[in-house]
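Structure first, then comments.
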Amino acid sequence: MPEVETLRRGLEASVRGARIEAVKVLWPPFVNASRPLLDAVVAGHRIGAIRRRGKALIFDLDHDWHLLVHLKMTGQVVVRRHGQPVVFGGHPTANIVGPMPNTWTRAVFTLSAGRMLYINDQRKFARVRVVTTETLAADPFFLHMGPEALGPGFTLAVFRQRLARYRSAPIKAALLDQATVAGIGNIYADECLHLARIHPRQPTASVTAAALRRLHRAIRVILRDAVAHCGTSFPAFIRDGRHHDTWLDRARLFGREGQPCRVCGTPIERTRVAGRGTNFCPHCQPVAAAPAPGRPSAGRRERHSSE
DNA sequence: CACTTGACCTGTCCGC
DNA sequence: TGCGGACAGGTCAAGT
């Protein structure tokens with residue numbers, strides 16, 4: 001989410017108000033609309049606000065249509081003015097400084113004032129959806145989405161209530177579920193759990209009230225900080241032709257397997273939780289203590305390991 | 001229902 | 001140098 005928010009801000013500054021003169025889709029499955037519909041929706045229309053919901057971007061147009069853009073893992077948006085980079089956002093392995101369109105360009109928008117907007121994506125996971133104001137609100141992608149992690153709706157009470165449907169699933173899985181709270185991805189789930197001193201594999205229902213309070217706070221702190229530092233974009237975003245700050249050096253866990261925990265010095269370990277690569281500090285994030293004797297267990301069944 | 005796994009894709013890296 | 005396998009920041013469908 002912080003990467004998407006960074007990109008959103010750059011786009012607000014560089015393409016808001018631009019008129020779309022033409023659009024070319026280089027890989028049809030990228031867009032959910034036929035060519036005539038897409039042309040009718042965008043050609044000659046101006047880009048209004050660029051908003052974000054969870055990890056998706058919403059380009060408002062000057063009529064009741066919107067472009068919903070989800071970049072998933074490797075998506076990238078590049079804006080150039082007369083060939084000069086204006087905004088880069090996205091994945092490092094794709095060449096973002098070479099000629100465009102390139103092998104990974106899925107769509108090209110020709111904008112007014114000599115601006116070009118390219119959406120590139122190596123893995124073909126990214127998608128654009130053409131929606132009306134009505135269908136946007138009802139879009140399945142947003143339908144069950146939880147509150148914005150940094151929005152006013154994400155209170156401790158709401159967090160608790162959203163987590164209530166989970167019992168034995170690892171807390172990390174619950175965090176990654178956008179229905180719990182919108183905007184937490186794999187990197188930030190790990191970071192939040194570290195700050196809150198919770199083991200990623202701890203069964204959700206067994207997280208104590210105090211730990212949950214720490215986690216709620218950690219989510220706000222980590223994401224706010226990551227947004228302030230333009231996210232964990234790997235080689236760094238470029239905006240207005242200059243490299244951005246990046247949150248990468250501030251990460252406690254990401255990319256730091258085997259390196260000392262910034263809090264206690266214990267080497268960071270890597271494992272797999274909820275099917276995702278997971279970094280954690282075995283000292284700061286101990287496996288949850290066994291329930292006090294006599295108290296009924298919350299049904300945790302954890303396979304033992306050396307972690 | 002809660003939870004896990006596989007699929008979607010391409011590129012990179014690591015071990016043999 | 002080549003090759004197979006694991007893995008990569010997300011989400012959804014289908015499975016147990």
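Since we're looking at a predicted model, the values are computed, not measured. Below, read A as the first sequence line, B as the second, and so on, with proteins coming before strands; counting in each chain starts at 1.
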Whole angstrom value for the distance that separates [atom2] of [N] from [atom1] of [X]:
X        : N      : atom1 : atom2 : result
A:Leu143 : C:dT11 : CG    : P     : 15 Å
A:Tyr188 : C:dG9  : OH    : P     : 12 Å
A:His70  : B:dC9  : NE2   : P     : 17 Å
A:Asp121 : C:dG9  : CG    : C1'   : 12 Å
A:Gln122 : C:dC7  : CD    : C1'   : 14 Å
A:Arg276 : C:dA6  : CZ    : C1'   : 15 Å
A:Trp247 : C:dG9  : CH2   : P     : 14 Å
A:Leu7   : C:dG9  : CG    : C1'   : 14 Å

Whole-angstrom distance between [N] and [M], as gauged at atom [atom1]:
N      : M     : atom1 : result
B:dC9  : C:dG2 : C1'   : 23 Å
B:dC8  : C:dC3 : P     : 24 Å
B:dC13 : C:dG9 : P     : 15 Å

**Message:** Using a 4.0 Å heavy-atom cut-off to protein, can you give one letter per nucleotide of nucleotides 3-8 of chain B, 5' to 3': B if the base is in contact, S if only the sugar-phosphate is, - if neither?
**Reply:** SS---B
**Message:** Between A:Ala56 and A:Thr278, which residue's closest nucleotide on DNA chain C lies nearer the 5′ terminus?
**Reply:** A:Thr278
**Item:** A:Ala138 backbone acceptor or donor facing A:Glu134 side chain under 3.5 Å
**Value:** no
**Fill in**
Taking pairs as Watson-Crick (N1-N3 plus N6-O4 or O6-N4) or G-U wobble (N1-O2 and O6-N3), each distance under 3.5 Å, the stems of three or more consecutive pairs with DNA chain B are B:2-8 with C:10-16, B:10-16 with C:2-8
**Request:** Please assess A:Lys72 against A:Asp121 for the test salt bridge (charged side-chain N to carboxylate O under 4.0 Å, His left out), listing each intermediate value before the final yes or no.
**Result:** CA-CA 9 Å; A:Lys72 297 278 180 86; A:Asp121 180 38; over 6 Å; no
**Fill in**
A:His66 meets the side chain to side chain donor-acceptor pair (under 3.5 Å) criterion, sequence neighbours left out, with A:Asp60, A:Thr133
**Asked** Excluding sequence neighbours, so at least two apart, what forms side chain to side chain donor-acceptor pair (under 3.5 Å) with A:Thr266?
**Response** none
Could you give the side-chain donor-acceptor pairs of residues 41-49 of chain A under 3.5 Å, partners two or more places apart or in another chain?
residue	atom	partner	partner atom	Å
A:His45	ND1	A:Asp62	OD1	2.6
A:Arg46	NH1	A:Gly17	O	2.7

**Request:** Share the residues that join A:Leu143 in a hydrophobic cluster, the rule being Ile, Leu, Val, Met, Phe, Trp or Tyr side chains under 4.5 Å apart at the heavy-atom level.
**Result:** none
Write down the protein N/O and nucleotide N/O pairs, taken from nucleotides 12-16 of chain C, whose separation is under 3.5 Å; answer none if there are no such pairs.
none

**Prompt:** Between A:Phe159 and A:Phe154, how do the two ring planes meet: parallel, tilted or perpendicular, split at 30° and 60°?
**Reply:** perpendicular
**Prompt:** Quick one: side-chain hydrogen bond (donor to acceptor under 3.5 Å, both in side chains) pairs with a partner in residues 137-152 of chain A, sequence neighbours left out?
**Reply:** A:Arg52-A:Glu148, A:Arg53-A:Glu148, A:Arg129-A:Asp139
**Request:** Could you note down all residue pairs passing side-chain hydrogen bond (donor to acceptor under 3.5 Å, both in side chains) where residues 154-165 of chain A supplies at least one of them, sequence neighbours left out?
**Result:** A:Arg165-A:Asp177
**Request:** Ignoring the backbone of A:Met73, work out which of C:dT11, C:dG9, B:dT10 is nearest its side chain.
**Result:** C:dG9
**ring-ring contact (aromatic ring centres under 6.0 Å, His included) involving A:Phe141 - partner list, sequence neighbours excluded** = A:His70
Please tabulate, one pair per line, all N/O donor-acceptor pairs under 3.5 Å involving side-chain atoms of residues 182-192 of chain A, not counting sequence neighbours.
residue	atom	partner	partner atom	Å
A:Asn186	OD1	A:Lys172	NZ	2.7
A:Asn186	ND2	A:Gly277	O	3.0
A:Tyr188	OH	A:Glu3	OE2	2.6
A:Tyr188	OH	A:Thr232	N	3.3
A:Tyr188	OH	A:Thr232	OG1	2.7
A:Asp190	OD1	A:Lys172	NZ	2.7
A:Asp190	OD2	A:Asn279	N	2.9
A:Glu191	OE1	A:Arg252	N	2.8
A:Glu191	OE2	A:Arg252	N	3.3
A:Glu191	OE2	A:Leu253	N	2.9
A:Glu191	OE2	A:Phe254	N	3.0

**Asked** Can you find a side chain N or O atom of A:Trp104 that sits less than 4.0 Å from OP1 or OP2 on B:dC9?
**Response** no
**Message:** Any side-chain N or O of A:Gln178 below 4.0 angstrom from OP1/OP2 of C:dT11?
**Reply:** yes
Mind listing the side-chain donor-acceptor pairs of residues 18-28 of chain A below 3.5 Å, one per line with the distance, residues two or more places apart or on another chain?
residue	atom	partner	partner atom	Å
A:Arg19	NH2	A:Glu21	OE2	3.2

